[in-house]
Amino acid sequence: MSNTEIATILRNVAAAYAIKNESKYRFQIIAYQKAADAIENSTSEVKDLYKEEKLESLPGVGPSIRQHLEELITTGKVKHFAWVMQDIPESVFTLLNVPTFGPKKSYRLVSEFGLKNPIAVIADLEKIARAGKIASLEGFGAKSESDILQAIQEYKQGRAKTKRMVLPYAAELAEKVLLYLKKSKAVIQAQPLGSLRRMVSTVGDIDFAVVSNSPNEAIKHFIAYPYKDRVIEQGPTTASILISGGKQIDLMVQSKDSFGSLLQHFTGSKHHNVHLREYALKKGLSLSEHGIKKRVAGGKLRMETYETEEKFYKALGLQWIPPEMREDKGEIELASKNNLPQLVELKDIKGDFHIHSNYPIEPSHDMGKNTMEEMLEKAEKLRYEYLGFSEHNPSLSKHTSTQIYSILSRRKDKIEQLNDSNKYVRVINLLEVDILTSGKLAIDEKSLATIDAAIVSIHSNFSMDKKTMTKRVLQGLSHPKAKILAHPTGRLLNIRSGYELDFEKIFDFCIKNKKALEINAWPTRLDLPDSLVFEAIKQGVKFVIDTDSHALWQMEMMKYGVAVARRGWAKKSDILNTLPYNELISWLKS
DNA sequence: GCCGTTTTCGGCCCGACTGTTTTCAGTCG
């Protein structure tokens, strides 16, 4: 049973409690939702945590939910869950997947019309709505009926399951909307927030904060966005539209003097904000997007507004927290002690190791589009000190080992020539070498001797079990020339989830043997994922951030790799390609 | 049902918008 499936079960339990008696079970509902969130975001499989007796290390899992999870894993069902859900047809939980359907509405409609078939429930409800039978229900009306049809329509088009956008794509889309927003005189300032500002690897909705003295005008301009499909909602200070492709864009307007509070509120994350508000409550303060409410003499509440986020956090006795850290992982406590880490920045990066040129290496996988010279010129523009070429090793099926050696020797000469003629950027002779199914590297010792170091990676036979795959990777990484493990999970966002690895073992091995893991900035990779970077950094694993560029423009993607590192709380000292050339090369050749 | 830098008991974030109401329930973020 996957973490996602388990999280869904817990959310359904929460929904069942809400249907049974929302006020009575108010805190159970919150508890189950919290546990579901924690499981969904966990870097470890629940079944592994169970084996290691570490279920209660998940935030939000206590003695009670832990026991239920154990029962779920060992028997496949839970008596307590069955009790909570006993009078609720399964079809109710199906309906929860439809936008705008919560527990109450789903249960009401299922009961009212006897929709007991979980497979057909959505189609059945659609027929009923079309027949005009919903409008006459107490508490419903003609508008609710057409809204239900609309929601079902969008559900069928995949809005509920709409794939989240990869970060660089979302950033590009946000840029277009931003340009449009700024065309209005009513928009004094506009900024994308939410998961985009936190640089999460995938972005669902795009959120904007706007400063305006005439919110009405600003909202009117926003909902007139030419590429919108429809307006989802529109009020005096907020509005949401759906654009073609099913993406949602939310907008919130405040006056200038409250913009700091708005930025803070709308950047999230939800968990960070909830924790921050609980923290504030203990100081007698109440937070919102409008500002901070303080209790003053006479027991009255007074609202203080904040123009900047810095001032907002300061009013709570906190350091300003970088958006990438706002995930409720302990950042609030550190900020209260003035002890936040100094995160690595793009300007700290002194070079890129994972570069595929079009050098004729007859590679095992895809080749780059530009010459080594062109890529070096780009590196100079990026003010890099060094650049590592790391084409894929020559294809094994098409060459003998002697041929491979000869290709790599020629390449070595070429790189030496480049180093002689190039004034600004040092060239490092790397190679991306496949770790074969056996754990052996794809090229032999003689060929390996032609390069400074190898970036090793998995490009075949992904479906090995966790133990075997871990053994394979560790064997490949244990070769003295192998210094970096590239795109360690092999995931491709929205395409495949990657292979299974025992990262405890990998981290441990890297620390003991001075190996580095890669943060690969390729838009659909962003691999190692930030949550695992966070664990690795805590333990002292070193990283390199690479773009894996196959063309010049891709060398600009470094900022997304840096974002992953920052989300993992990496400091400059955790990232090896922030080192000056001499220190770097001595590590590579060590 | 979870949790602790004023608590192992007594708390638990805050507000916007919509539709159906005539003061609020449901959903969302």
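Just so we're on the same page: letters track the sequence lines, and every chain starts at 1.
Applying the side chain to side chain donor-acceptor pair (under 3.5 Å) test to A:Q234 and every residue at least two apart in sequence or in another chain returns nothing.
On the C1' atoms, B:dT20 is 11 Å away from B:dG26, given to the nearest whole Å. Nucleotides B:dT7 and B:dC2, compared at atom C1', are 14 Å apart to the nearest Å. Comparing the C1' positions of B:dC13 and B:dC28 gives an interatomic distance of 14 Å, to the nearest angstrom. One C1' atom belongs to B:dG10, the other to B:dT6, and the distance between them is 14 Å to the nearest Å. Nucleotides B:dC9 and B:dC14 have their P atoms positioned 26 Å apart, rounded to a whole Å. Spacing of P atoms, B:dT27 relative to B:dT21, comes out at 16 Å, to the nearest Å. The separation of B:dT8 from B:dC12, taken at their P atoms, amounts to 16 Å, rounded to a whole angstrom.
Across all strands, A:S336 comes closer than 4.0 Å to no nucleic acid atom at all (heavy-atom distances). At a threshold of 4.0 angstrom between heavy atoms, the contacts of A:E233 are confined to the sugar-phosphate backbone, with no base atom among them. Across all strands shown, A:I29 has no heavy atoms under 4.0 Å from either base or sugar-phosphate atoms. When heavy atoms are screened at a 4.0 angstrom cut-off, A:L276 is found touching no nucleic acid atom at all. Contacts of A:S240 with the nucleic acid, taken as non-hydrogen atoms under 4.0 Å apart, are absent.
To the nearest angstrom, P of B:dG4 lies 11 Å from CG of A:D328. Distance A:E278 CD to B:dC2 P: 15 Å, rounded to the nearest Å. Between A:L55 atom CG and B:dG1 atom C1' there is a gap of 16 Å when expressed in whole angstrom units.
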request  = Quick one: do A:D250 and A:Q248 satisfy side chain to side chain donor-acceptor pair (under 3.5 Å)? Show the steps, please.
outcome  = CA-CA 7 Å; A:D250 302 331; A:Q248 186 175 331; 2.8 Å; yes

ask   = Stepwise, does the side chain to side chain donor-acceptor pair (under 3.5 Å) test hold for A:R326 with A:H275?
value = CA-CA 10 Å; A:R326 300 184 198 170; A:H275 189 162; over 6 Å; no

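For A:K54 and A:E52, the salt-bridge test passes: some basic side-chain N is under 4.0 Å from an acidic carboxylate O. Between A:E217 and A:K185 there is no salt bridge, since no side-chain N of the basic residue sits under 4.0 Å from a carboxylate O of the acidic one. Taking 4.0 Å as the cut-off between side-chain N and carboxylate O, A:E333 and A:K337 do not count as a salt-bridged pair. Under 4.0 Å is where a charged nitrogen must lie from a carboxylate oxygen, and between A:E126 and A:K156 at least one such pair does.
Atom NZ of A:K34 is surrounded by 12 or fewer heavy atoms from other residues, nucleotides or ligands within 6.0 Å. The number of heavy-atom neighbours closer than 6.0 Å to CZ of A:R302, taken from other residues, nucleotides and ligands shown, is 12 or below. Annotation for A:R496: atom CZ counts as buried by contact number, over 12 foreign heavy atoms lying within 6.0 Å. Other residues, nucleotides and ligands contribute at most 12 non-hydrogen atoms within 6.0 Å of the CD atom of A:Q342. Surrounding CD of A:E112 are more than 12 heavy atoms belonging to other residues, nucleotides or ligands, all under 6.0 Å away.
By the 5.5 angstrom centroid cut-off and the 30-degree plane limit, A:F27 is classified as not stacked against the base of B:dC2.
The stretch residues 72-90 of chain A touches DNA chain B through A:H80, each having a heavy atom under 4.0 angstrom from the strand. A heavy-atom distance below 4.0 Å to DNA chain B is reached by these residues of residues 30-40 of chain A, ordered by number: A:A31, A:Y32.
Residue A:L285 is the one, among A:P236 and A:L285, whose nearest nucleotide of DNA chain B lies closer to the 5' end (criterion: closest heavy atom). Residue order along DNA chain B, read from the 5' end via each residue's closest nucleotide, puts A:V61 first among A:T237 and A:V61.
The line from CZ of A:F208 to CG of A:L251 is 8.0 Å long, rounded to the nearest 0.5 Å. Rounded to the nearest 0.5 Å, atoms CD (A:E327) and OG (A:S269) are 4.5 Å apart.
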message = Using a 4.0 Å heavy-atom cut-off to protein, can you give one letter per nucleotide of nucleotides 20-29 of chain B, 5' to 3': B if the base is in contact, S if only the sugar-phosphate is, - if neither?
response = SS----SSSS

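Among residue pairs with one or both ends in residues 207-216 of chain A, none qualify as side-chain hydrogen bond (donor to acceptor under 3.5 Å, both in side chains); sequence neighbours excluded.
In this structure, A:K20 fails the cation-pi test against A:Y25, since its NZ or CZ atom is not both closer than 6.0 Å to the six-membered ring centre and inside 45 degrees of the ring normal.
Of all nucleotides present, none satisfies the Watson-Crick or G-U wobble test against B:dT8 with each distance under 3.5 Å.
Under 4.0 angstrom from either OP1 or OP2 of B:dC14 there lies no side-chain N or O belonging to A:H290. Close to B:dG1, at under 4.0 Å from its OP1 or OP2, lies a side-chain N or O of A:S64.
Applying the 90° cutoff around 0 to the glycosidic angle, B:dT7 is assigned syn.
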Contacts under 3.5 Å, N or O only, protein and nucleotides 5-10 of chain B:
residue	atom	partner	partner atom	Å
B:dT5	O4	A:K337	NZ	3.1

